[in-house]
Amino acid sequence: MRMAGYIVVVLLFSSVLAAQGTPPMDPEQSKARSRPEVEQGTPPVSPEAGPVQEMKKLVETGLNRAIMNRRYPPADQWRPLTRKDKFRVFLEHTYSPHTFANAAVNATHDAVMDGNREYEKGLRGYGQRYGINLATSETDAFFERFLMPALLKQDPRYFRNPDLPFFQRAWYSATRVFITRSDKGGETFNASKLLGGAASQALADLYVPGQRQGFGPIGNRVLFDMVRDAGFNLLHEFWPDLRRAIFRH
């Protein structure tokens, strides 16, 4: 646990130092950040709305911010990223709800499937697992969102493609864990995600108590993470449709 804390502190400290030298956002990003919630698809709360309606709108606003923020733009808005842009993508993922959700999914999977006796039982053991997996999620973000994409000249982002028919859209979403864009704009194998995830898991071998080391456990975790991220891609892709079905607008 102590080593995990050190890793998170080092990554965040380096993030702050690099962020001080990053250029300002481009005009489109500035407009997106300054745009009011009404323009982002979240209806305003009417003064006459009752407490149930107000709570419903607050929940919808929170879900929109977590699922449909500017980190998941449409495919027709693609543009190449510089290395500093990629570092900014990593920096944003250090505090993204997506990163904390990844840790929760992995901690739950470990609690159900892993027989590691180094953890305590019950909620305290789950808290220990969550802390360890949160540290690993942060290193995942560093390797998969910045270091490997910068070295391999690949784009670490997921781009929605709402213009496709339903089944092609679902296939597109699920396969983005294996396919990404190069900095030149063409599609390429997502080596950044595969190698970045493997490097992060290899690092985790140094601080996860009782974890088996070797290529087998690393491969199993990387495969699970790919399946998990394919599910999250589907959620990001189809959230506007789900929002209309759930919130009736």
Side-chain angles (χ1 to χ4, degrees), residues 11 14-15 18-19 21-33 40 65-102 136-164 168-201 203 222-240:
L11 290 178
S14 63
S15 302
T22 56
M25 291 185 188
D26 58 38
E28 292 300 322
Q29 288 179 321
S30 300
K31 290 178 183 178
R33 199 172 260 191
Q40 295 181 7
R65 288 175 176 172
I67 300 174
M68 286 302 299
N69 52 39
R70 65 189 182 88
R71 283 182 289 274
Y72 308 100
D76 58 7
Q77 293 183 10
W78 180 86
R79 66 173 183 83
L81 299 179
T82 65
R83 287 192 177 185
K84 289 185 177 180
D85 291 332
K86 292 173 184 178
F87 194 90
R88 188 183 296 116
V89 171
F90 152 67
L91 182 61
E92 291 173 349
H93 274 80
T94 61
Y95 56 84
S96 167
H98 185 275
T99 300
F100 292 90
N102 283 351
T136 305
S137 293
E138 298 290 359
T139 58
D140 283 347
F142 177 76
F143 286 110
E144 296 178 12
R145 306 286 178 174
F146 168 64
L147 186 59
M148 291 301 176
L151 294 176
L152 301 177
K153 301 184 185 305
Q154 295 183 338
D155 197 313
R157 297 169 295 175
Y158 172 76
F159 287 86
R160 299 178 58 251
N161 204 342
D163 295 331
L164 292 176
Q168 292 183 29
R169 191 177 172 194
W171 176 254
Y172 165 87
S173 299
T175 56
R176 290 311 95 177
V177 296
F178 300 106
I179 302 172
T180 189
R181 293 200 187 202
S182 70
D183 287 349
K184 294 182 179 179
E187 290 191 342
T188 185
F189 176 68
N190 197 352
S192 296
K193 184 165 189 61
L194 181 64
L195 296 178
S200 178
Q201 292 304 318
L203 180 61
V222 170
L223 178 61
F224 175 79
D225 287 353
M226 301 281 265
V227 173
R228 178 204 64 199
D229 288 346
F232 276 119
N233 286 350
L234 289 166
L235 177 61
H236 295 307
E237 182 69 36
F238 289 102
W239 170 245

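- In summary, D85 and R79 engage in a salt bridge, as defined by a charged side-chain N under 4.0 Å from a carboxylate O.
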Quiz item: Can you check side chain to side chain contact (heavy atoms under 4.5 Å, CB included) on F178 and M226, steps first, answer last?
Solution: CA-CA 8 Å; F178 300 106; M226 301 281 265; 3.5 Å; yes

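- Atom CG in L234 sits 11.0 Å away from atom CG in D229 (nearest 0.5 Å).
- Remark: W171 pairs with no residue by the side chain to side chain donor-acceptor pair (under 3.5 Å) rule, at least two apart or across chains.
- Scored by the side chain to side chain donor-acceptor pair (under 3.5 Å) test, R228 finds N102, N106, D225 as partners (sequence neighbours excluded).
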Determine, stepwise, if the pair K193 / D140 fulfils salt bridge (charged side-chain N to carboxylate O under 4.0 Å, His left out).
-> CA-CA 9 Å; K193 184 165 189 61; D140 283 347; over 6 Å; no

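- F142 contributes atom CZ, which lies 9.5 Å from atom CE of M148 (distance to the nearest 0.5 angstrom).
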Review point. Passes salt bridge (charged side-chain N to carboxylate O under 4.0 Å, His left out), E187 versus R176? Steps please.
Key: CA-CA 10 Å; E187 290 191 342; R176 290 311 95 177; 3.2 Å; yes

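- Judged as a side chain to side chain contact (heavy atoms under 4.5 Å, CB included), and not counting sequence neighbours, the contacts of P162 are R160, R169, E237.
- Every side chain to side chain contact (heavy atoms under 4.5 Å, CB included) that A101 has, sequence neighbours left out, goes to F232.
- Residues satisfying the salt bridge (Lys or Arg N to Asp or Glu O under 4.0 Å) test with R181, not counting sequence neighbours, are none.
- Within the 4.5 Å cutoff, the side chain of T99 has no heavy atoms near those of the T94 side chain.
- Residues meeting the ring-ring contact (aromatic ring centres under 6.0 Å, His included) test with F189, sequence neighbours left out: none.
- Residues satisfying the side chain to side chain contact (heavy atoms under 4.5 Å, CB included) test with D183, not counting sequence neighbours, are K86, K153.
- Qualifying ring-ring contact (aromatic ring centres under 6.0 Å, His included) partners for Y172, counting only residues two or more places apart in sequence or in other chains: none.
- Note that the CG atom of L194 and the CG atom of L223 stand 10.0 Å from one another [nearest 0.5 Å].
- For the pair W78 and R157, the minimum side-chain heavy-atom distance is below 4.5 Å.
- Between F90 and F87, the ring-plane angle classifies as perpendicular under the 30° and 60° cut-offs.
- Counting only distance, with no hydrogens or angles, the side chain of T188 and the backbone of S182 share no donor-acceptor pair below 3.5 Å.
- Taking every heavy atom of both residues into account, A191 and L152 meet most closely at CB-CD1, 3.8 Å.
- Considering only residues two or more places apart in sequence or on other chains, N190 meets the side chain to side chain donor-acceptor pair (under 3.5 Å) condition with none of them.
- Scanning both residues, T139 and T136, for their nearest heavy atoms gives OG1-O, 2.8 Å.
- Among residues two or more places apart in sequence or in another chain, the side chain to side chain donor-acceptor pair (under 3.5 Å) test is passed with S173 by Y158.
- For the atom pair OG1 (T180) and CZ (F159), the distance works out to 8.0 Å, reported to the nearest 0.5 Å.
- The heavy-atom pair separating A230 from V177 by the smallest distance is N-CG1, 3.6 Å.
- Contacts of F143 classified as ring-ring contact (aromatic ring centres under 6.0 Å, His included), with partners at least two apart in sequence or in another chain: none.
- The closest side-chain donor-acceptor pair between Q154 and S192 falls under 3.5 angstrom.
- One finds the OG atom of S137 at 11.0 Å from the NE2 atom of H93 (value rounded to the nearest 0.5 Å).
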